[in-house]
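For clarity, every value in this text was computed on a predicted model and none was experimentally measured. As the structure lists them, so they are numbered: ligands from 1, and atoms in each ligand from 1.
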Amino acid sequence: MSNIIKLLPDSVANQIAAGEVIQRPASVVKELLENAVDAGASSVDLFVKDAGKTLIQVADNGCGMSALDARMSFERHATSKIEKADDLFAIRTMGFRGEALASIAAIAQVEMKTRLSDEELGTCLKIEGSKVIQEEPCPCQPGTVISVKNLFFNVPARRNFLKSDSVETRHMIEEFTRVALINYDVAFSFVHNNKVVFKLPKSSFKARIVNIFGKSYDQKLLPVEQTTGSLSIKGFIGKPEFAKKTRGEQYFFVNKRFIKHPYLHHAVENAFAELLPSDAYPSYFLDIEIDPSEIDVNIHPTKTEVNFIDARYVYAVMQSAVKQAIGKHSLTPTIDFDVDPAIDALFQTTPKGEVLPPEIQINPDYNPFDQQNGQPKPAAFKPAKRQSEDEWNQLHQPLIEENSEKSILSSGFSNGQKEPSFDPAHRFFQVHHRYILTNVRSGLMIIDQQKAHERILYERFLAKMENNEAPASQQQLFPITIQFSAGDAELIRSMKDSLQKLGFVMEPIGANGFVFQGIPQGMSASETESVIEQILEVQKQRPENMAAGKNTILAKSLASKLSIKAGKKLSHEEMANLFDELFACQLPDVAPDGSPVVSIVPIEELERFLKEKK
Ligand code: ADP
Ligand code: MG
């Protein structure tokens, strides 16, 4: 047999790899701004045309490059930022993989002008689809100007899938904001189609926040500052009374790099605790400085996650820092009116008059912002575990579409109870964002919303796998590649058929990786990895079920992962839909894990209950 394996030409390899780093104009903006900051610029200007589809230009006054470096910078894995593996544990720069410029040059027409400050002439370099088409000395300012034109000009599929200008612009603004917020000692500007979007002078962190989000923020911020050992947390939180009903501005930075961190987010939410109405979100801008050796940098180039080696410690410091900030602030309202002595104790001052941080126990009935009658009133606020609105809507789409037939209501309700009498004006009532109450002929029905949704999803998934129904899959514009350990990859291979019936469209890549081109309807792309991990986890815990109940286990874990959770507020229509769907199930009254979903308190029971109270 003849040999058939060939090495991909660099330009093709670069184009493929570029897909991971550069997904849209905003990715270019992020990479170029980060490079400018890494180059030590004190002033960075972003100039964009047509939402970045025509032009993205970043000009900086940083260190610039020699002619050779300019040329080298476009090579894959060309970086000046790490030299040896050990450097990976001491990274202070934004970039370090040396992939961005090579990726951008593979899928756009790029022009770079760059000059070292002590040279007279700079270099002008033009590259198109990874090919150098011009390279010559040229007069220019010290620093670097990179112009990226006609993004995806040679990848029409990508170009055609870019979203509307307004969507792409929003993404660019978000990336710009993330870099500009924390690099407040650098001046930034952002001009889009000749209109100034931002003009930000070098300033303090607070002034930078105000310059980006508007003057009103001047009154809304509370300073946060806590340093312990090699960890420091500094920045600002929004005063609780200004908390937003939509997800507010939530920015964590680790060593000047924007990150998302649900665990630390929880620490902040927790610190706000009762001071925040359950439907409001706190704003925060928090800069975490930590020894680079205490974080794991070995992460995907475009991921915004960071793993702390000791996350629980960071959590504790974060929570205490935010509490302290709120505690100092809350001192003012408490002197206006009589308060519970327990609250007073929280704000005791030391002999020096210094404010002590409040302890963890906060009186849940105390709400300093409710000042009607000058008396603190019991507040009905409870912090709730939140799920994004989008997530829920996505999950619920099928519920609304697949309107189930009312006649099924009687058939499945299996524990001998009378069928729930249902009419269109049927009312539902949600208790503590957890239980749905409704009136049925025999009394009061209580439904556990999370368990109910698990049951619905479970039966739906099972039906898909067993009836060979066409899987409901959503095609991913940007396929998700996940690398597994050899063992996990094997497990995935063994489940491939079932996974595909659930809506996963997947192909193996490399030794132990899979590319997911489609995922089940109702799941969001960002959940893919965690859903798969959960499935693997369950499979590993119960190897004895592997053969027999493989579908059941898969359906169970996917249902528990994707179900709406306790704590989620539901509209009346959502409750009605959930109710409909639930009673269209074969076993509406037990969850896939065996726990009860529905219970009816008979009317006599209610009577007895009330009588006993008398
Ligand atoms: P990385 O930032 O991960 O090192 P890039 O592909 O973004 O990789 O950049 C490659 C190299 O090009 C950088 O390491 C840096 O030496 C150089 N470089 C890129 N942009 C600039 C700039 N604006 N000013 C000076 N040098 C730059
Ligand atoms: Mg870079």
Proximal ligand 1 atoms for [X], defined as those under 4.0 Å from one of its heavy atoms:
X	answer
A100	6 (O), 7 (O)
D60	22 (C), 23 (N)
A39	22 (C), 24 (N), 25 (C)

Q: Please confirm whether N35 comes within less than 3.5 Å of ligand 1 when only nitrogen or oxygen atoms on both sides are compared.
A: yes
Q.
Out of the candidates F236, Y184, F213, only one should pair with F285 under the ring-ring contact (aromatic ring centres under 6.0 Å, His included) rule; please name it.
A. F213
Q) For residues 139-152, which residue pairs qualify under side chain to side chain donor-acceptor pair (under 3.5 Å), counting only residues two or more places apart or in two chains? A) Q57-S147, Q109-N150, T114-T144
**Q.** side chain to side chain contact (heavy atoms under 4.5 Å, CB included) partner of L46, chosen from F198, F188, F176
**A.** F176
Q | Ionic contact status for R178 with E174, cut-off 4.0 Å | A | yes
Q) So which bit of E31 gets within less than 4.0 Å of ligand 1, heavy atoms only: side chain, backbone, both or neither? A) neither
Q. Which residue from V44, L101, L33 reaches closest to atom 6 (O) of ligand 1 through any of its heavy atoms?
A. L101
Q: Could I get the full list of salt bridge (charged side-chain N to carboxylate O under 4.0 Å, His left out) partners for E168, not counting sequence neighbours?
A: R24
